[in-house]
Amino acid sequence: MKKLSLLFLLTILNLWAHAQKLERIEPMFWWVGMNNPKLQLLVHGEQIASLDAQLNYPGVKLAGVHKVENPNYLFLDLEISSEAKAGKFPIVFAQNGKKKQQYIYELKNRNQSRGRIQGVTSKDLIYLLMPDRFANGDPKNDVVKGLQETTLNRDSMYYRHGGDIQGVIDHLDYLKTLGVTTIWMTPEIENDMANASYHGYAATDNYKIDPRYGSNELYKTYVDKAHEKGLKVIKDIVHNHIGTGHYLFKDMPMKDWVNQWPVYTQTSYRDQPVMDIHASEADRKKMLDGWFVPSMPDLNQRNPYVQNYLNQNHIWWIEYAGIDGLRLDTYPYNDPEYMADWAQKLKAEFPDLSIFGETLVNSVASQAFFTGGNTVNRGFDTHLPGITDAVVKDAVYEALNGKSGWTDGIYRLYATLSLDFLYQDPTRNVIFMDNHDMSRFYSMVNEDFDKYKAGLALIFTMRGIPQVYYGTEILMKNYSNPDGLVRSDFPGGWKGDKTDKFTAAGRTKKENEAFNYFSKLANFRKGSEALQTGKMMQYVPEDGIYVYFRYSDPNQAAKTVMVIINTEDKVKQLNTSRFSERMKGAHAALDIVSGENISSIQTLTVPAKSSLVLELQ
């Protein structure tokens with residue numbers, strides 16, 4: 001009996017000791033000198049709420065301790081004065097005055113080095129890649145013990161392929177030579193999910209780079225090395241949802257950490273109820289609160305603890321790594337009021353930070369609805385500088401593939417751009433032809449090389465921030481249905497690949513022609529003030545030909561760029577006298593791609609289905 005009593009007592013003591021285990025504090029560390037003196041620490045550990053939190057450090061005040069529904073959490077409100085110095089101090093968790101656990105918290109000095117958090121603007125060219133599919137720089141991290149998904153299979157689009165951050169670092173020179181100025185990777189943070197974890201949009205740890213990609217330290221090194229080479233970095237972040245493998249879902253701080261429904265409810269994917277003045281509240285709620293897919297719980301952004309968690313996580317990554325811009329995934333699905341507040345809080349900390357939201361909607365007015373400035377009578381300012389301009393993308397495809405009509409073909413593109421007055425600043429929109437969720441550009445123009453060149457000419461010379469998807473420069477192709485085919489590996493990114501298309505020797509003649517065309521325009525753009533920051537003047541298309549100009553000085557033609565797109569199946573002779581308003585008497589031009597000097601541009605021969613990019617002399 002005594003033995004049983006002793007065993008029972010030991011079991012209870014063991015459970016009690018386990019019950020007060022501190023597992024994590026987030027953010028793990030912070031900085032002095034931030035604009036916002038308030039910091040809310042999330043403390044997670046078995047029965048941690050049974051303990052009292054204490055700290056003592058000059059300039060830091062423990063302003064509040066919040067116990068929530070789940071006793072495995074505490075939320076600590078800290079106030080960090082402007083006089084606080086960098087240093088370390090213990091946060092003590094005690095019971096009845098006796099210390100049970102402690103965490104050594106650190107406040108760091110902010111990194112004031114030049115070249116950090118520069119912002120991404122219309123001067124830049126963004127290269128989007130999926131780290132798992134670009135290059136494998138460190139085979140040792142291909143499979144990581146302890147994670148749910150351990151299958152490595154390059155023959156399947158749904159498994160991990162082994163690409164990583166080191167692989168991107170190894171090819172920074174390639175990207176710089178290509179003419180790219182900015183790299184955007186799909187999310188690199190941990191996705192410890194059982195299936196298809198490579199895409200990155202089902203986070204299971206917001207403060208940790210997925211170990212199959214590298215480490216937090218390697219990510220920071222990647223940003224530093226990119227900056228050393230004159231390249232910028234965009235981080236892809238997700239406000240709307242997390243993965244079901246996230247500890248914050250498996251052990252939620254409170255029931256309303258995510259949006260709850262009596263039965264599983266998926267979002268409608270319909271953006272209209274968010275902006276429709278006639279919409280029902282039920283439709284609006286389903287759009288905003290419905291889950292994206294069953295494996296991605298929808299975060300409740302009306303919950304102030306969720307708000308603080310997301311805000312601080314994004315600020316942490318920017319300050320830690322020196323990121324230049326953020327791409328906001330699934331922007332229309334987020335709580336509008338929260339997102340406006342979020343944008344203001346981040347810009348207060350990082351005035352030069354660039355932000356653009358993914359808005360895959362179907363009209364210019366719908367896109368403008370989400371952008372800053374309250375330009376379409378929304379009722380409040382979203383403070384979102386720019387969006388992913390899917391409407392321009394669709395109009396470019398119509399221009400390249402459609403038949404000219406009153407509103408069709410090339411006229412669709414002209415008409416779309418004529419609605420730029422709806423934006424506060426359309427040059428902050430990201431213009432693109434494809435991404436990791438869409439059929440590839442080369443396939444969408446039916447592998448027509450002339451259309452390919454015309455599309456690139458448009459994207460590289462139009463207003464806005466151009467973005468290309470990895471492999472566009474070597475004519476990578478495929479369709480998004482079935483899913484995943486557009487996420488093929490970049491040939492040459494893996495040791496043992498039969499061809500290495502990072503090199504001219506590994507590319508075919510046609511691929512090198514594409515690469516050289518891409519690179520010529522991209523590198524010219526890097527030195528052209530007209531294309532980077534100039535104004536745009538377009539002319540109504542006539543006879544299937546569309547002409548527009550980019551110019552910096554409205555009073556002279558020098559350095560003005562003239563773009564001509566012939567969408568017809570036959571050669572056209574273009575009399576340029578119609579454009580005298582913008583040509584300002586220019587009589588000669590340089591063909592940017594061929595390098596040919598054209599001594600007279602009064603009449604130009606424009607081949608069928610082709611484009612000309614000319615710098616006026």
Side-chain angles (χ1 to χ4, degrees), residues 26-27 34-36 38-40 42 66 68 75 77 187 201 203 206 235-242 246 248-249 252-261 265 267-276 279 281 283-292 296-318 325-350 353-361 366-374 376 378-388:
E26 293 175 341
M34 301 298 283
N35 178 74
N36 184 358
K38 295 182 178 180
L39 174 66
Q40 186 172 85
L42 181 154
H66 304 279
V68 292
F75 289 86
D77 291 342
Y201 292 97
N206 289 73
K235 190 167 182 60
D236 197 336
I237 61 173
V238 187
H239 291 81
N240 184 66
H241 50 263
I242 54 177
H246 203 298
L248 286 170
F249 178 71
M252 286 190 289
M254 55 206 75
K255 291 186 181 69
D256 68 347
W257 189 265
V258 302
N259 288 310
Q260 301 279 2
W261 297 81
T265 302
T267 178
S268 64
Y269 306 107
R270 297 280 186 182
D271 58 281
Q272 289 84 0
V274 179
M275 60 191 77
D276 181 8
E281 185 56 37
D283 281 348
R284 188 173 187 274
K285 180 176 174 59
K286 186 174 182 180
M287 164 61 184
L288 294 175
D289 293 358
W291 289 23
F292 206 71
M296 296 178 181
D298 200 77
L299 292 172
N300 176 17
Q301 295 158 352
R302 295 174 297 278
N303 183 321
Y305 295 102
V306 173
Q307 292 179 4
N308 286 332
Y309 185 82
L310 292 173
N311 292 353
Q312 292 173 172
N313 177 252
H314 302 151
I315 290 170
W316 188 91
W317 276 111
I318 297 163
L326 299 176
R327 180 262 191 184
L328 317 182
D329 182 65
T330 52
Y331 186 85
Y333 299 83
N334 294 292
D335 183 77
E337 290 76 18
Y338 162 65
M339 292 304 293
D341 182 66
W342 171 90
Q344 292 178 84
K345 283 184 167 64
L346 264 74
K347 292 293 279 186
E349 297 292 355
F350 311 108
L353 179 75
S354 294
I355 302 167
F356 64 97
E358 179 199 29
T359 54
L360 300 181
V361 294
S366 297
Q367 288 184 163
F369 179 84
F370 292 106
T371 58
N374 192 30
V376 290
R378 180 170 187 175
F380 75 97
D381 190 343
T382 66
H383 297 278
L384 179 67
I387 46 83
T388 52

Any Gln312 side-chain heavy atom under 4.5 Å of Glu26 side chain: no

Stepwise side-chain contact (heavy atoms from CB on, under 4.5 Å) check, Asn240 with Met296: CA-CA 9 Å; Asn240 184 66; Met296 296 178 181; over 6 Å; no

Shortest non-hydrogen contact from Ala343 toward Thr382: CB-O, 4.1 Å

side-chain contact (heavy atoms from CB on, under 4.5 Å) evaluation trace for Asp236 with Tyr201: CA-CA 9 Å; Asp236 197 336; Tyr201 292 97; 2.5 Å; yes

Quick one: are His241 and Thr330 in side-chain contact, heavy atoms under 4.5 Å? yes

For the atom pair CG (Asp329) and CG (Asn334), what is the distance rounded to the nearest 0.5 Å? 8.5 Å

Distance-minimising heavy-atom pair for Pro332 and Leu288: O-CD2, 3.4 Å

So which atom in Val361 and which in Ser366 form the shortest heavy-atom distance, rounded to 0.1 Å? CG2-CB, 3.7 Å

Heavy-atom check, side chain of Met275 versus side chain of Arg378, under 4.5 Å: no

Distance (rounded to the nearest 0.5 Å) between Leu248 CG and Leu299 CG: 8.5 Å

Kindly compute the distance separating CD (Gln367) from OG1 (Thr388), expressed to the nearest 0.5 Å. 7.0 Å

Lys255: what forms a salt bridge (charged side-chain N to carboxylate O under 4.0 Å, His left out) with it, not counting sequence neighbours? Glu69

On a heavy-atom basis, which atom in Ile315 and which in Met34 lie closest, and how many Å separate them? CG2-CE, 3.5 Å

If you define the side chain from C-beta out and look only at heavy atoms, does anything of His239 sit under 4.5 Å from Met339? yes

Taking every heavy atom of Asp298 against every heavy atom of Gly290, the minimum-distance pair comes out as OD1-O, 3.3 Å

In the structure I gave you, are the side-chain heavy atoms of Glu349 and Asn36 within less than 4.5 Å of one another anywhere? yes

Whether the side chain of Asn313 engages the backbone of Asn206 through a donor-acceptor N/O pair (distance < 3.5 Å, no angle test) should be reported. yes

Which of these, Trp291, Phe370, Phe292, sits in a ring-ring contact (aromatic ring centres under 6.0 Å, His included) with Tyr333? Phe292

Minimum side-chain heavy-atom gap Leu353-Leu346 below 4.5 Å: yes

Would you check, one step at a time, whether the test side-chain contact (heavy atoms from CB on, under 4.5 Å) holds for Phe369 with Asp271? CA-CA 11 Å; Phe369 179 84; Asp271 58 281; over 6 Å; no

With distance as the sole criterion, is a donor-acceptor pair present between the side chains of Gln301 and Asp335 under 3.5 Å? no

Could you give the distance from CZ (Arg327) to CD1 (Ile355), rounded to the nearest 0.5 Å? 14.0 Å

Going by the angle between their ring planes, with limits at 30° and 60°, are Phe75 and Tyr305 parallel, tilted or perpendicular? tilted

Kindly indicate whether the side chain of Gln307, heavy atoms from C-beta on, has any atom under 4.5 Å from the side chain of Lys345. no

For the pair Trp342 and Leu328, evaluate side-chain contact (heavy atoms from CB on, under 4.5 Å) and give the outcome as yes or no after the intermediate values. CA-CA 12 Å; Trp342 171 90; Leu328 317 182; 3.5 Å; yes

Smallest separation among heavy atoms of Gly357 and Leu384, with atom names: N-CD1, 3.9 Å

Has Lys286 got its NZ or CZ under 6.0 Å from the middle of the six-membered ring of Trp261, at an angle within 45 degrees of the ring axis? no

Judged by atom type as modelled, is there a donor-acceptor pair below 3.5 Å linking the side chain of Asn374 to the main-chain atoms of Asp381? no

Evaluate the side-chain proximity of Asn311 to Tyr338: yes if any heavy-atom separation is below 4.5 Å, no if none is. yes

Test side chain to side chain contact (heavy atoms under 4.5 Å, CB included) applied to Asp256 - qualifying residues, sequence neighbours left out: Met254, Asn300, Asn303

Decide if atom CZ of Arg270 counts as having more than 12 heavy atoms of other residues, nucleotides or ligands within a radius under 6.0 Å. no

